[in-house]
Engineer: 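Have a look at this one.
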Amino acid sequence: MYISVDRIIGKTAVCESEDLNTFDIPLSSLPYGVKEGSVLLKNSDGSYSLASDEEKRRKQRIMDIQDALFDE
């Protein structure tokens, strides 16, 4: 399951799951380098890892949508 980091407040990441539920995760439980906008993969053991490929895919999708909207 992919999880998006919406924002970071103090030592907590406010995250959103694919089913649009929001929840908090302590930064100490997340991998080094996590930031607002990061996409995480929840592993079967309950840990999290950065999903860099998914994050790039999502950013490209957003850029494609923007290009389609403003490219007349």
Side-chain angles (χ1 to χ4, degrees):
M1 169 180 17
Y2 289 113
I3 296 167
S4 300
V5 178
D6 181 58
R7 61 190 178 279
I8 295 175
I9 302 174
K11 295 181 180 183
T12 303
V14 180
C15 300
E16 185 175 292
S17 62
E18 293 175 313
D19 59 2
L20 304 179
N21 289 317
T22 58
F23 52 95
D24 298 341
I25 301 173
L27 284 177
S28 60
S29 298
L30 298 177
Y32 177 78
V34 71
K35 62 188 182 306
E36 292 179 356
S38 290
V39 178
L40 304 169
L41 179 62
K42 186 171 184 178
N43 302 310
S44 59
D45 64 358
S47 66
Y48 299 92
S49 57
L50 288 170
S52 300
D53 290 342
E54 178 66 12
E55 185 176 335
K56 288 177 190 173
R57 188 190 69 74
R58 290 179 184 197
K59 286 181 181 180
Q60 185 59 51
R61 182 171 174 240
I62 290 168
M63 294 300 295
D64 291 346
I65 291 169
Q66 287 178 338
D67 289 347
L69 287 172
F70 298 109
D71 193 33
E72 296 179 6

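Numbers here are sequence positions counted from 1. Because the structure is predicted, anything quoted here is derived from the model rather than measured.
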Engineer: Could you walk me through whether Gln60 and Met63 satisfy the side-chain contact (heavy atoms from CB on, under 4.5 Å) test, starting with their C-alpha distance in whole Å, then the side-chain angles of each, then the deciding distance to 0.1 Å, before giving a yes or no?
Structural biologist: CA-CA 5 Å; Gln60 185 59 51; Met63 294 300 295; 4.2 Å; yes

Engineer: Consider only side-chain heavy atoms of I, L, V, M, F, W and Y, link residues closer than 4.5 Å, and tell whether Leu27 and Val5 are in one cluster.
Structural biologist: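 Linked within one cluster.
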
Engineer: For Ser47, does its backbone N or O pair with a side-chain atom of Asp45 as donor and acceptor, under 3.5 Å?
Structural biologist: yes

Engineer: For Glu36, enumerate each residue passing the salt bridge (charged side-chain N to carboxylate O under 4.0 Å, His left out) test, keeping only those at least two apart in sequence or located in another chain.
Structural biologist: none

Engineer: Considering only NZ, NE, NH1 and NH2 on the basic side and carboxylate oxygens on the acidic side, decide whether Glu55 and Arg58 come within less than 4.0 Å.
Structural biologist: no

Engineer: Are Phe23 and Ile9 co-members of a hydrophobic cluster defined by side-chain heavy atoms under 4.5 Å apart?
Structural biologist: no

Engineer: Test Lys11 against Ser28 for side-chain contact (heavy atoms from CB on, under 4.5 Å), laying out the working first.
Structural biologist: CA-CA 8 Å; Lys11 295 181 180 183; Ser28 60; over 6 Å; no

Engineer: Not counting sequence neighbours, which residues clear salt bridge (charged side-chain N to carboxylate O under 4.0 Å, His left out) with Arg7? List them please.
Structural biologist: none

Engineer: Which distance, rounded to the nearest 0.5 Å, do you find between the OH of Tyr2 and the CD of Glu18?
Structural biologist: 8.0 Å

Engineer: Minimum heavy-atom separation for Gly33 and Ser38, please, with both atom names.
Structural biologist: O-OG, 4.3 Å

Engineer: What about Leu50 and Leu41, same hydrophobic cluster or not, with Ile/Leu/Val/Met/Phe/Trp/Tyr joined at side-chain heavy-atom distances under 4.5 Å?
Structural biologist: no

Engineer: Establish whether Ile3 and Leu30 are linked, either directly or via other cluster members, by ILVMFWY side-chain heavy-atom contacts under 4.5 Å.
Structural biologist: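 Yes, Ile3 connects to Leu30 through the hydrophobic network.
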
Engineer: Out of the candidates Ile8, Ile25, Val34, only one should pair with Cys15 under the side-chain contact (heavy atoms from CB on, under 4.5 Å) rule; please name it.
Structural biologist: Ile25

